[in-house]
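Have a look at the structure below before the remarks.
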Amino acid sequence: MAGRRGALIVLEGVDRAGKSTQCRRLVEALRAGGHRADLLRFPERTTEIGQLISSYLMKKKDLEDHTIHLLFSANRWEHVPLMKEKLHQGITLVVDRYAFSGVAFTSAKELRPEEAAGRGNFGTERYENSSFQEKVLQSFYHLMKDETLNWKTMDASKTIEDLHKEIKSIAEETIQEAQNKPLAELWK
Ligand code: Z5A
Ligand code: MG
């Protein structure tokens, strides 16, 4: 219906919490239910900025901490005009990580290098070790105190199917609630 905007639904969480799996399932289910919905992910590795980020994450390239932080931010900003356009057109955006990851991962870098050394086999990309991820988690908890954002916490140890049902139901409610609210700006 004219004038009704889409909702911005962001999934955040530590490495391998199941975000990408749930984002894909959610978009499929929303579309099947007659909603207009698109999937976005950050980092979006296909742009020039995204390719630099990807090289950094794969440890093919070293970048100074502020520089990589700003590249992650720029990678989101380069998508903002399109995101706003879609939301105004009534398309719901399901976003696999957003600015909260930007804050949480950069702030977790306060971790002492000796603490991070020799950690278990979490994954091969940068940041994929358990105590770094613990710091990230604490930072997410801190960010969730912002009551202007409608955070819901999921227990990621549940089955893919159970989580999907829960997330779908919250997403449908959120779409209803968002459609008559003006689009706000994050952290302004
Ligand atoms: N980063 C940053 O530093 N600054 C920023 O501004 C942004 C990001 C935006 C790459 O992100 C890195 O960039 C990331 C944060 C940083 N570093 N770390 N860590 P990414 O999103 O490209 O990659 P990732 O977060 O490392 O996550 P992931 O590996 O893509 O995890 P996931 O999407 O949460 O999980 P998944 O792919 O859906 O599932 C992982 C596996 O578990 C897979 O085999 C599934 O089938 C399985 N799975 C999923 N759900 C379940 C359940 N419920 N039960 C059992 N098994 C499951
Ligand atoms: Mg993922």
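Heads up: numbering here begins at 1 and tracks the sequence. Order of listing sets the numbers, starting from 1, for every ligand and every atom in it.
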### Message
For Phe140 and Phe100, I'd like to know if the aromatic rings sit close, meaning centre-to-centre distance below 6.0 Å.
### Response
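No.
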### Query
Of all the atoms in Thr21, is at least one N, O or S atom closer to the Mg ion (ligand 2) than 2.8 Å?
no
### Message
Tell me every residue that passes side chain to side chain contact (heavy atoms under 4.5 Å, CB included) with Asp65, counting only those two or more places apart in sequence or in another chain.
### Response
Tyr56, Lys109
### Query
side chain to side chain contact (heavy atoms under 4.5 Å, CB included) with Val103: which residues, sequence neighbours excluded?
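With neighbours one apart ignored, the set is Ser139, Leu143, Trp187.
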### Message
For Trp151, I'd like to know if atom CH2 has over 12 heavy atoms of other residues, nucleotides or ligands within 6.0 Å.
### Response
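Yes, because the 6.0 Å sphere around CH2 of Trp151 holds more than 12 heavy atoms from other groups.
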### Message
Please check if the number of heavy atoms outside Glu48 that lie under 6.0 Å from its CD is greater than 12.
### Response
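No - once you tally the heavy atoms of other residues, nucleotides and ligands closer than 6.0 Å, there are 12 at most.
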Tabulating one pair per line, provide the atom names and distances (0.1 Å) for every N/O atom of ligand 1 that is less than 3.5 Å from a protein N/O atom.
from, atom 1, to, atom 2, distance (Å)
ligand 1, 6 (O), Arg76, NH1, 2.7
ligand 1, 6 (O), Gly102, N, 3.3
ligand 1, 11 (O), Arg97, NE, 3.4
ligand 1, 19 (N), Gln133, NE2, 3.0
ligand 1, 21 (O), Arg97, NE, 2.9
ligand 1, 22 (O), Arg45, NH2, 3.1
ligand 1, 25 (O), Lys19, NZ, 3.4
ligand 1, 25 (O), Arg97, NE, 3.0
ligand 1, 25 (O), Arg97, NH2, 2.3
ligand 1, 26 (O), Asp15, OD1, 2.5
ligand 1, 27 (O), Asp15, OD1, 3.4
ligand 1, 29 (O), Asp15, OD1, 3.2
ligand 1, 31 (O), Arg16, N, 3.1
ligand 1, 33 (O), Ser20, N, 2.9
ligand 1, 33 (O), Ser20, OG, 2.8
ligand 1, 34 (O), Ala17, N, 3.1
ligand 1, 34 (O), Gly18, N, 2.9
ligand 1, 34 (O), Lys19, N, 2.9
ligand 1, 34 (O), Lys19, NZ, 2.6
ligand 1, 35 (O), Gly18, N, 3.2
ligand 1, 38 (O), Ser20, N, 3.4
ligand 1, 38 (O), Thr21, N, 2.8
ligand 1, 38 (O), Thr21, OG1, 2.4
ligand 1, 53 (N), Lys158, O, 2.8

### Summary
Under a side-chain separation threshold of 4.5 Å, the hydrophobic residues clustered together with Met58 are none
